[in-house]
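As structure tokens, the structure follows; a few thoughts come after it.
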Protein chains: 2
Amino acid sequence: MRIGELAERAGTTTRALRYYEQLGLLPARRAGNGYRAYDEADLRLLREIRMLQDVGFELEETRPFVECLRAGHPEGDSCQASLEVYERKLAELDDCIARLREARARVAGQFERAVRARDGLAASEQPPRCELTRE
Amino acid sequence: MRIGELAERAGTTTRALRYYEQLGLLPARRAGNGYRAYDEADLRLLREIRMLQDVGFELEETRPFVECLRAGHPEGDSCQASLEVYERKLAELDDCIARLREARARVAGQFERAVRARDGLAASEQPPRCELTRE
DNA sequence: GTAAACCTTGCCCCCGACGTCAACGCCAGC
DNA sequence: GCTGGCGTTGACGTCGGGGGCAAGGTTTAC
């Protein structure tokens with residue numbers, strides 16, 4: 001299988017595959033004419049990469065999964081290193097979500113305060129944000 | 001006030017201030033020697049920028065707020081354009097949070113499945129210790 | 001036989017918000 | 001007058017994940 005077919009079957013581009021090879025993430029054998037040659041195992045590796053990327057993994061974070069598969073394990077996450085990446089990712093996601101929710105609360109508070117200031121100019125000037133910051 | 005003092009008082013860097021000026025976001029008057037000259041009003045504008053950035057606004061999104069203040073309004077969000085940015089940002093944050101939560105759920109699912117597979121595999125390789133009552 | 005479709009390497013480009021020099025000007029203190 | 005610490009502009013680097021193009025070689029289809 002050549003690069004174009006692999007790219008199409010995995011739903012990505014040839015440019016991406018060359019990039020992965022450049023990172024050493026998905027090296028390719030070469031045919032006599034210099035063309036990259038892939039097999040079904042490579043397709044499996046590539047699908048693992050794409051699946052993880054879809055969930056928000058960086059390419060480097062997919063490396064343990066790919067190496068785990070390449071080592072002959074049935075799943076990319078059959079190895080301890082992969083599980084550790086899962087754990088780190090979960091913590092990272094939790095942290096990110098928490099920060100976004102806090103930002104959301106702050107923006108919502110500012111927004112409502114601003115709307116109130118616009119609507120009731122003559123009313124009070126103190127910002128009553130006691131209940132606004134709560135969900 | 002010169003650039004170093006302003007940067008320090010706003011908790012940012014001179015490089016950032018030159019960048020903001022380059023964007024036309026925070027233009028500076030010039031002293032006779034070519035040095036940038038700022039006043040307290042600029043500090044106010046800069047603080048608005050920094051505050052919004054802290055909540056996740058891009059620099060371009062802070063522009064309506066800065067212009068609102070520069071137009072003489074008491075707050076950066078006293079103008080309709082700023083309120084619209086608030087609304088867009090809230091929607092954007094909600095969307096982002098939702099996507100992250102879904103990603104989190106997917107990763108958690110994969111993780112737990114992988115852990116179960118690992119434990120199950122270990123159990124199948126060795127006689128299962130189902131008799132928890134004995135130890 | 002030749003055109004289309006594929007492949008190769010190599011290079012620059014993008015985004016955002018600056019960081020990091022380099023090479024120079026200006027000014028205060030001693 | 002000299003040192004150190006400010007300031008100036010300009011240019012290039014960073015990070016991730018590739019996109020896009022050029023100039024060539026290869027294969028495939030008609």
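Proteins get letters first, then strands, A, B, ... in listed order; numbering begins at 1 in each. What you see is a predicted model; the values in this text were computed from it and never measured.
Legend: disulfide (SG to SG under 2.5 Å) pairs involving residues 22-56 of chain B, not counting sequence neighbours: none detected. Identified under the disulfide (SG to SG under 2.5 Å) test for residues 39-85 of chain A, with sequence neighbours left out: C68(A)-C79(A).
Within residues 15-31 of chain B, the residues that place at least one heavy atom under 4.0 Å from DNA chain C are, in residue-number order, R15(B), A16(B), Y19(B), Y20(B).
For DNA chain D, the span of nucleotides reached by chain A at under 4.0 Å from its heavy atoms goes, 5' to 3', from dG17(D) to dT27(D).
Ionic pairing of D95(B) and R99(B) is present here: one or more N-O contacts between side-chain nitrogen and carboxylate oxygen are shorter than 4.0 angstrom.
Remark: D39(B) engages R29(B), A41(B), D42(B) in a side-chain contact (heavy atoms from CB on, under 4.5 Å) (not counting sequence neighbours). Every residue two or more places apart in sequence or in another chain that forms a side-chain contact (heavy atoms from CB on, under 4.5 Å) with E58(A) is listed here: E61(A). Listed by chain and number, the residues in a salt bridge (Lys or Arg N to Asp or Glu O under 4.0 Å) with E67(B) amount to none (sequence neighbours excluded). Judged as a side-chain contact (heavy atoms from CB on, under 4.5 Å), and not counting sequence neighbours, the contacts of N33(B) are A31(B), Y35(B).
Mapping G34(A) and E60(B) onto DNA chain C by nearest heavy atom places G34(A) closer to the 5' end of the strand.
Rounding to whole angstrom units, CD of residue E8(A) and C1' of dC7(C) are separated by 15 Å. One interatomic measurement links the two molecules: CD of Q53(B) to P of dG16(C), which rounds to 13 Å at whole-angstrom precision.
L45(B) forms part of a hydrophobic cluster together with M1(B), I3(B), L6(B), L17(B), Y19(B), Y20(B), L23(B), L25(B), L26(B), Y38(B), L43(B), L46(B), I49(B), L59(B), V66(B), L69(B), judged by ILVMFWY side-chain heavy-atom separations under 4.5 Å. Grouped with M51(A) in a hydrophobic cluster is no other residue, since no side-chain heavy-atom contact under 4.5 Å to another Ile, Leu, Val, Met, Phe, Trp or Tyr is found.
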Polar atom pairs (N or O), protein with nucleotides 23-26 of chain C, under 3.5 Å:
{"residue": "dG25(C)", "atom": "N2", "partner": "Y35(B)", "partner atom": "OH", "Å": "2.8"}

Can you list, pair by pair, the side-chain donor-acceptor contacts under 3.5 Å of residues 108-115 of chain B, counting residues two or more places apart and other chains?
{"residue": "Q110(B)", "atom": "OE1", "partner": "R113(B)", "partner atom": "NH2", "Å": "2.9"}
{"residue": "R113(B)", "atom": "NH2", "partner": "D77(A)", "partner atom": "OD2", "Å": "2.6"}

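Across all strands, E58(A) comes closer than 4.0 Å only to sugar-phosphate atoms, never to a base (heavy-atom distances).
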